[in-house]
Structures are given as C-alpha cells and as structure tokens.
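Lettering of chains follows the sequences in order, A, B, ..., and the numbering in each one begins at 1. Every value quoted in this text rests on a predicted model; they were computed, and no experiment measured them. Excluded from the calculations below are hydrogen atoms, water molecules and symmetry mates; all remaining heavy atoms, backbone and side chain alike, are included.
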Number of protein chains: 2
Amino acid sequence: MIAGISYGEAKKTLGEQAYESIREEILSLRLYPGQTVYESDFTRMLNMSRTPVREAVRALAMERLIEVLPQRGMKIALISERQVEETRFIRESLEVSAVACVANQARSSEVKAYLEENLGRSLEEQRRFVRQADAVSFLHADDQFHQAFLRVLGNVTLTSIVTQMRGHLNRVRMLSLYEPKAMAQLVQEHEQIVQAVLAADSDWAAHAMRAHLGRLMDDLPIVKSRHPDYFEPSSTASTR
Amino acid sequence: MIAGISYGEAKKTLGEQAYESIREEILSLRLYPGQTVYESDFTRMLNMSRTPVREAVRALAMERLIEVLPQRGMKIALISERQVEETRFIRESLEVSAVACVANQARSSEVKAYLEENLGRSLEEQRRFVRQADAVSFLHADDQFHQAFLRVLGNVTLTSIVTQMRGHLNRVRMLSLYEPKAMAQLVQEHEQIVQAVLAADSDWAAHAMRAHLGRLMDDLPIVKSRHPDYFEPSSTASTR
DNA sequence: GTTCATTGACTTGTATACAAGTATACGGTA
DNA sequence: TACCGTATACTTGTATACAAGTCAATGAAC
C-alpha cells in the first residue's frame with residue numbers, strides 16, 4: 001500500500017480521521033510496540049463505529065505498523081531491525097536519486113532561488129532546536145527538511161513512499177533522544193547537502209545524501225539495548 | 001471418506017480474494033481505464049457482500065488504480081503519463097540500487113551459482129517467447145526476471161513496492177504489443193545485466209540497469225496516440 | 001493429580017440496514 | 001421555449017447484526 005487517498009483537507013471521512021489518529025498514536029509510541037489492542041479500543045477512543053476503524057486498521061496493517069491476528073486481536077508492530085534496515089535502504093535509494101535530480105534542476109536560477117529561500121529557513125530552524133536541545137522538534141524539522149527536496153521534484157508517489165518509510169524509522173529515532181552534539185552533526189551534514197545542491201553538483205549531492213542516510217540508524221544497537229522489549233527478537237539480516 | 005486432493009491454498013479472506021481479482025481485471029485491461037464502475041458490480045461479479053469488496057476498493061484506491069468519487073461511483077484510473085513517469089523513476093532508483101548490491105554479493109560463489117542457475121533459466125525462457133512472438137508471456141517473463149534480482153536481496157518491502165509500481169507500468173506495456181525485434185532488444189539488455197552481475201561489477205550492473213529502465217517507456221507516445229481515450233489529458237510533467 | 005472434551009466469553013470476518021450526498025428527469029411557471 | 005425547484009433513484013459512507021474462529025476456565029473421567 002502507498003499513498004493517501006485525498007488531499008483536500010476539507011471533508012475528511014471518519015476512516016481517514018481514524019487512520020491519521022491511530023498512526024500518530026503508534027509513531028509517538030503512546031501505543032507501544034508489541035501492545036495488544038482491539039478494534040473496540042479504537043471505537044471507544046475515537047467514538048465511531050467499527051467500519052471506519054477497520055478501514056484504518058487495514059491500511060495500517062498494509063503499512064506493517066499493525067499486525068492483525070484473525071479472531072484474536074491486533075498487535076502494534078514490534079520494531080524490527082530487519083524492517084528498519086529495509087526501510088532505510090529504500091529511503092537511501094530514493095532520496096539519493098531525488099537529490100541528484102534536484103541538484104541538476106538547481107541550474108535554473110528560479111529553482112535555485114526557491115531552494116535557497118526554503119532550505120535556508122529550514123536550516124535556521126534546525127540550528128535553533130539544537131541550541132534549545134529540543135530533540136523532538138528537531139526530529140520534526142529534520143523530516144521537513146528532507147521533504148522539502150522531494151517537493152521540488154514534484155513526484156508525489158515518491159514523496160508518499162518516503163513518508164511511509166519514515167514512519168518505521170521515526171519510532172527508533174523517537175527513542176534515540178539525541179544529545180545536542182549528535183544533532184549538530186546532522187545539521188552539518190544537511191548544510192553540506194544544501195551546498196552541493198546549490199552548486200548544482202549532482203554527484204556531490206548524491207554522495208553527501210548517501211553518507212547522511214547511511215548513518216541514519218547508527219545508534220539503533222544502543223536503542224535496542226535500552227528497550228529490548230520494543231524489538232522483535234532478531235535473526236540478523238541486512239540488505240545493505 | 002477418502003479425501004480429495006488437499007490444495008496448499010492458504011486461507012485467504014474474501015477481502016484479499018476481491019483485491020487480487022479486481023486488480024487483475026484492471027491490469028489486464030478487461031476493466032478499461034476510465035470505465036465507471038460501482039461496488040455493486042463487484043459484489044455481483046464476485047458473489048460477496050459490500051464489506052470485502054469495499055476493503056479491496058480502498059486498497060486499490062490507495063494504489064491509485066481506482067478513483068473513488070464519493071456518492072457518485074468509482075472510475076478505473078486513466079493511465080496518467082505523469083503517474084507512469086513517477087513510477088518509472090522510482091523503479092529505476094530502487095532497481096539500480098538493488099542490482100548493484102546483488103552484483104556485490106555475487107562475489108560469494110554460493111550466490112553466484114544461484115544467480116547463474118536462475119537467471120540463465122529465465123533468459124532461456126525469454127528467448128523462447130521471443131521466437132514464438134508471444135508478447136504477453138514475454139511480459140510476464142520479463143517481470144519474473146526483474147523480480148529474481150530483488151528476491152536475492154531479500155528486502156521484502158522493496159520487492160512489494162516495485163511490484164506495486166509495475167502495476168501502473170504494465171497497463172502501458174500491455175498495450176505496446178512488442179514486435180519480436182523490440183523484445184529481442186530487451187533480452188539483450190537483460191543479458192548484459194546478468195553479465196555485469198556475474199562479473200560482480202556493481203558499477204557496470206547499475207549502469208546497464210539504469211539504461212534498461214530508462215528506455216522502459218519509450219513507446220508511451222505511440223501507445224497514447226493509439227489509445228488516447230485510455231489516457232488522462234496531459235499537462236506535461238517530468239521527474240526525470 | 002492429570003487429561004481432555006465442553007462451554008462460554010471474547011475476538012475479527014462478513015452481511016445487511018440505514019444515513020446522507022449527487023445527478024437527473026420531470027413538471028409547473030414565466 | 002427557457003428556467004428552476006422538487007421528487008426520485010441512484011451512489012458511497014457509516015452503523016449494526018450475525019457468523020465463525022480462538023482461547024482459557026471448567027469439570028468429569030481416569
């Protein structure tokens with residue numbers, strides 16, 4: 001499964017509302033990995049009937065954020081090292097290609113001006129959150145930064161895939177709770193990517209992005225050792 | 001009583017069956033792009049109630065193969081040049097990365113033997129369909145060939161994304177109805193990819209795959225001119 | 001005490017009933 | 001004829017009723 005159903009945020013069906021609410025509960029870890037839940041929990045929580053709740057659940061199951069056990073209930077998906085690495089690999093492949101394309105497009109002064117404006121503002125914001133040592137806001141700003149590139153490409157299918165992939169990665173990142181030093185390192189990498197893109201140097205941009213995303217899950221072992229109960233018992237596998 | 005043959009068919013819910021049936025109807029063009037359909041058509045066709053049909057429809061809507069018009073019906077998605085190119089770009093990004101990884105893994109003689117066996121057989125099959133000028137079977141064999149690489153990687157998330165992306169591309173390819181010459185050209189490109197992979201030359205493999213997938217939709221303009229009614233009125237856009 | 005069939009209280013899967021929005025045919029009015 | 005409100009026959013969105021699988025407590029048989 002991929003992609004949202006509609007953009008017009010005007011009239012959202014109950015099903016869409018349910019999807020967004022439940023997904024947010026999962027990604028924020030308020031529903032913890034491994035937790036057993038039932039449709040009835042959500043109908044009570046959201047005050048709607050089973051039909052829209054089920055619709056949301058099916059979508060989240062396709063996204064592998066929920067595991068449905070027929071006739072027995074559902075489990076919030078455990079964080080799987082394998083799933084995380086699969087997802088990271090996909091993000092790396094797509095975003096490296098994307099950033100190279102954007103770098104090429106940055107030869108147009110119009111695109112370049114747009115990028116300079118938007119990415120500059122984003123970097124500023126990131127630095128502010130580093131100074132304030134606000135890890136959660138930083139995480140959000142980081143996501144926005146990456147999304148900004150994809151928006152330039154205008155490939156909505158790609159954007160929605162990456163957004164979905166981020167879901168799996170962000171649960172780990174939420175547990176990471178970066179120190180300011182680590183966040184500063186990330187900002188530095190972002191700055192380099194921006195430099196490369198504005199220089200319209202697609203090779204440099206691709207290389208910088210690959211390095212950046214290659215290190216994305218470096219602290220996964222630490223997170224796992226601190227929250228082993230949130231993780232799937234591992235059988236080491238790597239697609240890297 | 002003496003039991004009949006026990007088929008190894010896993011227990012599929014009606015919803016899953018509906019999804020697969022309807023998807024196949026769409027990709028085979030038996031439901032033509034732009035056709036108006038209703039849930040009731042599917043309940044009659046599949047002899048099941050609205051609930052599982054709706055589940056399938058929602059999934060296909062997320063995949064953008066069906067467009068749901070609230071209170072008015074549904075339309076089989078028109079082929080969108082933009083969607084096709086977005087999808088092609090994603091396949092190129094992912095499969096280029098994947099084939100490079102596989103080429104690296106082919107240094108292991110075990111993996112190499114597996115690849116030699118499987119890909120060799122697939123190429124043989126492709127050549128047979130070219131000789132027989134059987135374009136539809138060739139299309140299927142082509143898909144199998146590409147899937148074979150992904151299976152080696154073992155990244156199931158990536159595999160399922162590429163499978164989904166193929167859905168959009170294959171409607172165009174189904175209309176292409178290649179001549180033997182064009183098919184032979186594709187086989188030749190496949191052979192080169194195999195050569196590169198078995199030589200464990202990841203750069204070469206990536207380059208060959210990129211060239212191969214870059215030409216994937218070269219005859220889209222011809223197809224469009226022959227079946228303009230299947231296409232969305234274009235507003236030229238490219239992510240390439 | 002151990003075993004095992006039974007029962008009942010759960011669950012999700014599926015069918016159906018009801019609510020609400022949309023397009024269209026119709027007929028009165030000018 | 002042209003216009004326009006209205007009734008109607010559709011559609012999908014949502015709620016609820018029913019079917020069927022799962023699991024654990026129970027208690028009789030040994």
> What orientation do His190(A) and Phe145(A) show, parallel under 30°, tilted 30 to 60°, or perpendicular over 60°?
Replying inline: parallel
> Under the 3.5 angstrom rule, does the side chain of Glu16(B) hit a backbone N or O of Thr13(B) as a donor-acceptor pair?
Replying inline: yes
>> Would the base of dG13(C) count as contacting Arg50(A) through its side chain, where contact means a donor and an acceptor less than 3.5 Å apart?
In response: yes
> Is a side-chain N or O of Gln35(B) found less than 3.5 angstrom from the main chain of Tyr32(B), in a donor-acceptor match?
Replying inline: yes
>> I want to verify a distance call: between dG13(C), dT11(D), dT12(D), whose nearest atom is closest to the Met74(B) side chain?
In response: dT12(D)
> Quick one: which of dT16(D), dA15(C), dG13(D) gets closest to the side chain of Met48(B)?
Replying inline: dA15(C)
>> From CZ of Arg44(B) over to C1' of dT11(D), roughly how many Å is that when rounded to an integer?
In response: 13 Å
> Could you state the CD-P distance from Glu16(B) to dG13(C), rounded to the nearest angstrom?
Replying inline: 9 Å
> Within this structure, what is the CG-to-P distance between Leu69(A) and dC23(D), rounded to whole angstrom?
Replying inline: 9 Å
>> Using a distance-only criterion (donor-acceptor N/O pair, under 3.5 Å, no hydrogens), is the base of dT12(C) paired with the side chain of Gln71(A)?
In response: yes
> Looking only at heavy atoms, which two atoms of His146(A) and Asp142(A) are closest? And how far apart?
Replying inline: CD2-OD1, 2.9 Å
> Taking atom P of dT12(C) as reference, at what distance in whole Å does atom CD1 of Ile66(A) sit?
Replying inline: 11 Å
> Which residue lies toward the 5' end of DNA chain D, Gly15(A) or Pro70(A), if each is placed at its nearest nucleotide?
Replying inline: Gly15(A)
> Which part of the nucleic acid, if any, lies within reach of Thr51(A) when heavy atoms closer than 4.0 Å are counted: base, sugar-phosphate only, or nothing?
Replying inline: base
>> Please determine whether a side-chain nitrogen or oxygen atom of Arg54(A) lies at a distance below 4.0 Å from atom OP1 or OP2 of dA15(D).
In response: no
> Which whole-number value in Å describes the distance from Glu39(A) CD to dA15(D) C1'?
Replying inline: 13 Å
> Could you state the CZ-P distance from Phe42(B) to dA15(C), rounded to the nearest angstrom?
Replying inline: 16 Å
>> Nearest whole Å is fine: how far is dT14(C) C1' from Asn47(B) CG?
In response: 13 Å
> Given that Tyr38(B) and Leu14(A) both sit by DNA chain D, which one's nearest nucleotide is further toward the 5' end?
Replying inline: Tyr38(B)
>> Counting the benzene-type ring for Trp, do Phe42(A) and Tyr38(A) have ring centres under 6.0 Å apart?
In response: no
> Roughly how many Å is it from CD in Gln17(B) to C1' in dT14(C), rounded to a whole number?
Replying inline: 12 Å
> Distance check: side-chain N/O of Arg72(A) vs OP1/OP2 of dC23(D), anything under 4.0 Å?
Replying inline: yes
